[in-house]
Structures are given as C-alpha cells and as structure tokens.
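Everything on this sheet refers to the single structure shown next.
Below, read A as the first sequence line, B as the second, and so on, with proteins coming before strands; counting in each chain starts at 1. Values reported hereafter were calculated over all heavy atoms of this structure, with side chains retained and with hydrogens, waters and symmetry mates removed.
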Amino acid sequence: MSVESITKPVPASALSRGTGRARPGLHQGRGRTRPGSTAGTAATPVASGQRVRASRAWFLGIVLGLLGAGLVGLLLLNTASAQDAFRLHDLQTRAADLSRQEQSLSLQASVLADPGTLSGRAGRLGMVPGGDPQFLGPGAPLPAGCQPTADGCVVPAPKTTSQPPAQATPKPTSRVAKTQAAGNPAVQNQLTARPGTATTTTPPTTRPTATRPQAKTPNKTAPKVQPTPTRAPIHAGTQQPIPRQAPSRAPTPAQSVPAHPGVR
Amino acid sequence: MGHARPPSEPLPHHLAGRGRQWGRLGDRRLRGVAIGLAVLLGLLGVRFVQLQGLDAAKYREQAMSQRARTIDLSATRGQILDRHGVAFAYDVDARDVYVNPKHVQDKVATAAALAQVLGQPMEVVFESMVAPGSFGYVARAVDRDVADQIMDLHLQGVGLLPATRRIHPGGDLAANVIGFTGTDGRGLEGVEAAYDQLLAGTPGSLTVEEDQAGRRIPSGERRETTPVAGRDVQLTLDRDLQWRAQSTLARAVTATQSRGGVAIVMDPRTGDLLAMANAPAFNPDAISKFDPAALGNPATNQAFEPGSVNKVITVAAAMEAGLVAPDTPVTVPPQLKVIDRVINDAEPHPTERLTVAGVLARSSNIGAALIAQKLGAQRLHAALQAFGMGRTTGLGFPGESSGQLPPAETWSGVNTATIAYGQGISATAIQMADVYATIANGGVHVTPRLITGTRGSDGAVHPAPAGPTGRVVSPGTAETLTRMLEEVTTTNGTAPKAAIPPYLIAGKTGTANRVDPRCGCYRGYVSSFIGFAPADKPQLVVAVVLDDPQGSHFGGQIAAPVFHEIMSYALAQLRIPPTGAPPAKLRLTP
C-alpha cells in the first residue's frame, strides 16, 4: 500500500464497517488501516505517523484560521454597520440642530416682518402714516419744492414740526392736479404728495431719494436723530411710513436723478 | 459500532458466554430505554411543534415587544397663510415638560428651579409636583431653548417629551379669523377648527429594535410609517390690509369706547375677503387670559340690527318694482305715525321734500318707511331674502350666524316700516358687506370666500371651489343705486368724512338702535358705514361696524372716518387708481 493511501482520511463508516473483530489500529498506534487490509499485519511506519500529525495540525490551523477570519470579518461588518448607526445619529442630530436654527431664525424674521412690529419701529424713527395719496395728471406742475427722482417725488414737510402722531391724517397742502381722464396712463404713475411724504405707487425701494430744499438751513426743532427719508415702506406692510422731519443734511444723489416719467 | 443486532443473530464468540442472559435481560432494558427515549423524543417533538409551529407568532411577537420600540411620529400641522403666502400660523418644534412626583427628592427646590426657567409662578409648578400619580405635565409646548435650560438643570424626576407649538408671528393679527388650537393640537375655533381635518394630516410611527440600554440594534428591524403632513390653508386675507384694518379699528373702538367693532375689506368681483378685523382681538398664544366669549369672530357670528345701511335694499326693491326713480319726490313729514308707533328721523326737521336719492343721502327713516309702504311687505321681504338676509353667506365659517328675518306673514304694518330702515331684522357684518358687494358687482351676488385653496407638502395646490353666483338686481338698478350712494359721501350726504378725493366713493351710513341682550330692549347704538370704491368701477368694499359707542354715535361721524382710513390705505396698497369720472351730482330735493 502506498503512503498516499494512508494519509487519506478514511470515512468513519468505512472504519466501522467490517467484522466485529478487534481493530488492528487499537494495537498499532493511532495509524489507521484501510478496510480490507490484512488484520494485524499492517505495521505502519513511524515516519508516516508524524506526517499524519503534521497534516492534522495544518488542517486544524486552516479551520482555526477560517474561524478567526470569519470572526474578525463579522466583527468588522458589525463595526461598519454600527459606524453607520453612529453616523446616522450624528447626522440626525445635526439635521435637528439645523432645522431648529432655521425655525428660530424664520420665527425671528417673521416677527420682524410683522406689520405691527414694523409700524412700531417706524414710529420710533419718527415716521407717520402717509395719509391719502395725491394724484398728478399729465403736464401738471410739480408740487412746490418737489424734487423729482427716478421713482417718486418728495414734498417738504410743513414748517410746523409739532405734527400730531400717527393717527392724524394731515390735510393735503400740495395737491397739484386732479387726474384728467380715466384710463390715462399717467394715472398709473401717480405721485402721492403729502406734506412731508415720500410715497409713490412704484414699488418701494430703500434707496434714499429725499431731498429737502431748505436742506442748508438747519431746523432747530428737528429731532436729534434724523431718520433717512427712505422711499416709503421697508416692507409693503407698513402704512407708508414717512419721515416726520426730513434730514437737515440731505443725501445728494437724488438731485441728479431724472424726473419721474409720469410727471411730464 | 452501535448497530443493534437482531436478537436472533448469534453474538461473537467472545461474548457468547454471558450473552444468553444479558440478551434476554438487555433486550427488555433496551426496549424500555428505547420506548422511554421515544416517548421523550415524542414529547419534545410535540413541544417543538407547539413552540415553532402553533405558537410561533405569539412568541415572535413577545420577543419583538421586548426589544422593539414604537415611536409616534406626529404629522406637522399645516400652515395658515395669507393670500401672498405669508404665514399667519405655523408649527415649530417644542417640548412638553413632565414630572414624575415619585422621583422628585426635593420638591421645593425642583419647583423653584423650574419656575424660574419657565417664568411661571412657583405655586403652579409646585402643584404638579405634589399631584398624585407618577406623571404630570409641568408645562406644555415650551420653547426648545427653555427645554435645553431645563435639561441642563439635571432635575430628578423631570423629563421632556417632543411636542409642537403653534406660532402666530403676528400675535393677535387676524386671530378671530384664524382661531386657535387646543393643547392636543386640534383646532378649536375659526379656520383652525373649520379646516382641522385638512390641517392635521395623518400621524405616522417608527418601530425600531433596541437593546436593554435603549441603543438601537443596527441590524435590527425597522418599520416606518411616514406621517403625512397636514395641508396648508391659504386664506384670501391680505396680511398688511388685515393689520391696517385691525389697528385702525382697534384705535376707533378705544376712541369711541365701543364694546367692539368689525371691519371687513372685500373684493366684490371675486368675493375674496381681503381683511376681516374684529375688536377687541385676542392673542391666540395666550387664550386662557381671555374671556371665552371673546374668542369668536363677531364679523360672522354676531348679528345686529343693521339700521340705515339696510335702506339700500328697500330702495333697490322699489326701483326693481318700477315704483321709484332717483328723482322721484318724497314728501317727508316731521313724524310718521304707523298704527301705534311714531317713526322719527335722526334729527328733527319740518316737513321737507326730498328725492329718493335724497332719502338715501340724508338717511331719512320716514322716507324709507314711505317707500316701503308703497312696496308692501311681500316684495320687501323677497328683496331682503334675495340680498341674503336670514341665511348664512355660504362662507362656511364655524358658528356663522344667519341673522334674523321674520317671515313676511308675521309682519305688521309697523314691521314693514321699521324693516325698511333696518330695525326689526338682524344681520351680521359679513351679510351687510355682502349686500353692498352685490350692488358694487353690478347686481350679481358672488359668494364671499375666505380660502383660496389648500397646498400639500408636495406643493400641489388645490384651489377652493368657487361659491355660487346669481343676479339679485338688474345692472341698471345697481348702477343707479351706486350713483345715489355716491351722494352719501358728498357734503350734502351724511358721510362726507368717508370721501377720498379724487375717488368716487359710494356708501351708506348706519346708526341703529342696539338690542341689549340682557334686557331684550333697545339700549345704545350700532354705528356703521359700508361703502365701495371706485364707485364707477368698484374693486373694494369696506364695511365698518362699531358696537355701542359712547359719545357721538352717528355712523357718519365715527364709522365713516374708519372707513376712510382703511379704504384709502387699501386703494393705495392695491394700486387702484381713481377713474377720473365726474361725480354723479344727483338732485337730492325735487
């Protein structure tokens, strides 16, 4: 029999097959015999036994290695998925934080944009509601002291600075002309000219446009904090706040701006 | 080697000696063991089938319930927006603060610490600490920042639960229309109640597997039913206009020491309510501080005797019947005796001759009664009904009142005369605004509406269905009526204060005796002004009602200036130019 055949693992069923006689292997070390080998006569060489032992260790190593690798692999897999869970948690926390930040900012913004808040702030700046609009027909002369700008015209406030607060609707002092005809395009470009107002029907801008003809003469009764007369509302919601007092030092760019197209 | 040999087979020779005895005895034993084993195995098998087959689902469930946790995912409640998409009300994250009184060591110290952070009186907080049971709310829907502060205190027995808070950036802005929600987040009043189903959405849930320490098992099961967010409801209100109407009205109510007031801005062409202001308003964030009776919407829910604003219906009906024209003369005596009642005008005067236009412009009760007598109860009743008296407007507002219009059969001669000038029937402010909107719209009634549509989280907009429209009076009558109403705002009429030159303003004052519900008698007044502009191309209707003003009570004196301020702002804000048409200049005296 060849060495090869000995080292081959023998199926357990093969071992148990055969007769009830004592197995030769029991007497001859741990060497295994093939079924059908002559009983008692098979003297396995010592060298062969060592090889068997070595190959067994090798087999055990493979199995243990596989087991170990599997275990490590499983651990890595678990760690990876746990890592994802951590990442998910972190991102969720971040998302929650950001959405919270967004919520509080949008709340702040909406409170600031609230018409009531705006009106209160405008009032503190010395602004009063614009009152009834005035209308200029085509070709009508500009109100006295009006400084035309690209999108409006500012009429100086009356000399009296003790203007009543917001509720009072001042009587128009500079009404220029009535609209000539219905559907006239000029009507669309209405100029509203209230005492001390700066309002037009064009979309509100925050560009300072107001000038005060008597700009050089300092107004003694003017409040210390001079609001910049901006084109009416900061927000459409305000009641077209207007400066109670135009600033004594007027911004200059307005002078160079061409007249309102609707005026001429 | 464990092969059981058939007993008949001879044993190997070295066992044969005692085999005989053993065989017999062993056989029996073997059999016994085998049977025992078989029974055992059988029992195990039965148990196996029972566990893995019959009761499997139950045990799986039990196991799952030990490590699974279901979290309710609340659906975000929809926003309530104005016509431009600005939010009147929306939800933000918040926290409910709860306490387990059994776990609180030092109740006084805990209550003190909580009270300081929450800004509540300590007694209130302490009360929840000593309450029986193991759970009680200390505060509902508190701000996240406040919740963080509470977390930082590390108080034993105090915990937080996720919640949402309804935010109203405008405070009391349109509060009477929007209404409010309860602590459970369901709408209780106003639009919040009327559209609760749409706004609420459908809550979802999330089931995850957790270990004992509450950490999620990464490979565990995860079932999620996504919550469906509520739909946003977009109103026809214009936030800025609403604010202007509300603030102007509030000032007027304070100045006239009225009980309350209503201001309505409406587009007669579409029926859109651009503003619906009430005074006094309430703050929806602190409803507990207000009288529950004040939390409704008087504009739609409170009926009053309309008074002179009702005269347009009388005149419209008479004109439709072909009985009068604007220049038909009416002789108005100083007093008019109808059966047992004497009807007076607001101010005493000698017998005067007016035209029908003059009756409206000067608001003569006697003149209106005389016209109604010509018309008869049946036809006046039919006209009132056609203009929407006695039934709700179709707005669909919760708690909307239909007013009162007694059937014509029950009217006595006195009723016909008084109803002609608006006493003896009742209507809400929205009903009266609707009457003028019909005239402004050329005699065609458009159902007023408050909702433009709803919007889902996907941005899809469902426009609200338009209400029915129908002709009430002929275009000719509507136009003539409008020209007559223009005279009211001239210096010859009762409300020159309503004029906004160079616009043509049509309108009517109302100064009605107020029914005091406590005595069921007339006490005080209801002053009103309802008008529209530009009169020859109406785009806006504004109705102002002041309830029980002290001092001057004439609609032309106190309601007309409010109308003026709201209307002039609305015209400028909506960029409505004057038409430039000449004023009507009708003859008020023959």
- Query: Given the rule in the side-chain contact (heavy atoms from CB on, under 4.5 Å) test, do Asp82(B) and Leu235(B) qualify, once you have shown the distances and angles that lead to the verdict?
  - Reply: CA-CA 5 Å; Asp82(B) 90 335; Leu235(B) 305 181; 5.7 Å; no

- Pick whichever of Pro169(B), Pro561(B), Ala255(B), Ala87(B) has the most heavy-atom pairs under 4.5 Å with chain A. Pro169(B)

- Query: Is Gln246(B) reaching over with its side chain to a backbone N or O of Ala263(B), donor-acceptor style, under 3.5 angstrom?
  - Reply: no

- Message: Assess, by modelled atom type and distance only, whether the side chains of Asp536(B) and Thr579(B) contain a donor and an acceptor separated by less than 3.5 Å.
- Response: yes

- Just one of Val253(B), Thr256(B), Thr248(B), Val542(B) clears the side chain to side chain contact (heavy atoms under 4.5 Å, CB included) bar with Val562(B), so which one? Thr248(B)

- Query: Using non-hydrogen atoms only, which part of Leu173(B) is less than 4.5 Å away from chain A: side chain, backbone, both, or neither?
  - Reply: side chain

- Message: Quick one, Arg251(B) with Glu565(B), criterion side-chain contact (heavy atoms from CB on, under 4.5 Å). Give me CA distance, side-chain angles, the key distance, then yes/no.
- Response: CA-CA 11 Å; Arg251(B) 271 204 307 272; Glu565(B) 202 173 320; 2.7 Å; yes

- Message: I need the residue from Arg100(A), Gln103(A), His89(A) with the largest number of non-hydrogen atom pairs under 4.5 Å to chain B.
- Response: Arg100(A)

- Message: I need the residue from Leu107(A), Val111(A), Leu112(A) with the largest number of non-hydrogen atom pairs under 4.5 Å to chain B.
- Response: Leu107(A)

- Message: I need the Ile167(B) CD1 to Asp285(B) CG distance, nearest 0.5 Å.
- Response: 6.5 Å

- Of all of Asp145(B), Val92(B), Val86(B), which one pairs up most often with chain A through heavy atoms under 4.5 Å apart? Val92(B)

- Is a salt bridge present between Arg222(B) and Glu224(B), judged by a nitrogen-to-oxygen distance below 4.0 Å? yes

- Note on the structure: Heavy atoms of Gln242(B) and Ala277(B) approach each other most closely as NE2-CA, 3.7 Å

- Note on the structure: Given the options Arg77(B), Arg166(B), Arg165(B), Asp91(B) meets side-chain hydrogen bond (donor to acceptor under 3.5 Å, both in side chains) only with Arg166(B)

- Query: Hey, which residues of residues 70-82 of chain A are touching chain B, say heavy atoms under 4.5 Å apart?
  - Reply: Ser81(A), Ala82(A)

- Task: Answer with side chain, backbone, both or neither: which region of Ser106(A) has an atom nearer than 4.5 Å to a non-hydrogen atom of chain B?
- Result: both

